[in-house]
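A quick write-up on the structure given underneath.
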Amino acid sequence: MSRVAYVNGRYVRHAEAGVSIDDRAFLFSDGIYEVIEIYQGALIDERGHLDRLARSARELRLAPPLGEAALRFVMRELVARNRVQFGHVYLQITRGAARREHTFPPAGTPTTLVAFARSHDPDAGEAKARKGVNAITVPDIRWKRPDIKTVSLLPNVLAKQQAKEAGAYEAWLVNADGFVTEGASSNAWIVDKTGALRTHPGDSSILSGITRARILEIARAKGIPVIERAFTVAETHEAAEAFISGATTLVMPIVRLDGRPIGQTSSECAAPGPVSLGLRACFHEFAVKSV
Ligand code: PLP
């Protein structure tokens, strides 16, 4: 079965889908996106993702080409046409195609909407979480509005590649004051020695994850103390556990940071901790209830 994508009002074969070379996202990264988890065919935390998409659009003064009901319909069509049980939907809106000028295109230029759905193997994600993954730290060199989910991801791409070349899964971005802001494609968390969860506040220096918000809610409901305060790399090395969150990784334990095991005394036994794995299980439970 060939994959089907959505491009500006049409469902097309994914391999043949395309947009103009004049598209503002191609020329200027002038666009926004969302990634929504599909769990047993259902879109998880759709409300939160659509609200964030609307906020990103407002911040960039972009007019989405479709209303929310139509967007919801398109995403469901993609899930159905591609028979996705587990995976994600990707949605991107750009300022459209126009003669290359930095200033906005003429009024009335239609914005571009592209969406596609992709399957993944849920067992592979679980196997990865049981082992945990490694992260490295890199300087956070992004612009001052990473809270907007734009397709302008070059610093994130470079950080992620650096992580890959270092044998790691994620790069944690560290600001000029030595605090971890977030991951290149995830939010960053530690569990301190008292058992409290720590994560950077949801201000303009991070992309405030929809998964992050759900984990905060789950943790509070379970009575886990939560502190939304930035932490340093040194505090991470002192922590009991560390993990990342995101719509594709969900809750993913970090077992080594810059090669040093987290929460372990022996470098032989870097392993995920109970809080991270417990929160991952709770996130799945929440997803099951959403189906
Ligand atoms: N931070 C960054 C930089 C991201 O790219 C992502 C996800 O792509 C996240 C955080 C997590 O956001 P969400 O939980 O909404 O997927």
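Every number for a ligand or one of its atoms is a count from 1 in the order of the listing. One-based numbering along the sequence shown.
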Side chains of residues 2-12: which donor-acceptor pairs under 3.5 Å do they make with residues two or more places apart or in other chains?
{"residue": "Arg3", "atom": "NH2", "partner": "Ala117", "partner atom": "O", "Å": "3.1"}
{"residue": "Tyr6", "atom": "OH", "partner": "Gly9", "partner atom": "N", "Å": "3.1"}
{"residue": "Asn8", "atom": "OD1", "partner": "Leu113", "partner atom": "N", "Å": "2.8"}

Expected rows: ligand 1 N/O, protein N/O, dist below 3.5 Å:
{"residue": "ligand 1", "atom": "1 (N)", "partner": "Glu182", "partner atom": "OE1", "Å": "2.6"}
{"residue": "ligand 1", "atom": "1 (N)", "partner": "Ser186", "partner atom": "O", "Å": "3.4"}
{"residue": "ligand 1", "atom": "8 (O)", "partner": "Lys149", "partner atom": "NZ", "Å": "3.1"}
{"residue": "ligand 1", "atom": "14 (O)", "partner": "Ile210", "partner atom": "N", "Å": "3.4"}
{"residue": "ligand 1", "atom": "14 (O)", "partner": "Thr211", "partner atom": "N", "Å": "3.0"}
{"residue": "ligand 1", "atom": "14 (O)", "partner": "Thr211", "partner atom": "OG1", "Å": "2.6"}
{"residue": "ligand 1", "atom": "15 (O)", "partner": "Arg52", "partner atom": "NH1", "Å": "2.9"}
{"residue": "ligand 1", "atom": "15 (O)", "partner": "Arg52", "partner atom": "NH2", "Å": "2.9"}
{"residue": "ligand 1", "atom": "15 (O)", "partner": "Ile210", "partner atom": "N", "Å": "2.8"}
{"residue": "ligand 1", "atom": "16 (O)", "partner": "Ala247", "partner atom": "N", "Å": "2.8"}

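Using a cutoff of 4.0 Å between basic side-chain nitrogens and carboxylate oxygens, Asp23 and Arg95 are not scored as salt-bridged.
For Thr211, there are no side chain to side chain donor-acceptor pair (under 3.5 Å) partners at least two apart in sequence or on another chain.
A ring pair (Phe, Tyr, Trp, His ring centres under 6.0 Å) check over residues 46-88, counting only residues at least two apart or in different chains, returns the pairs Tyr39-Phe86.
Transitive grouping of hydrophobic side chains (ILVMFWY, heavy atoms separated by less than 4.5 Å) brings Val133 and Ile190 into a common cluster.
Counting only N and O atoms by type, the side chains of Glu170 and Ser186 include a donor and acceptor under 3.5 Å apart.
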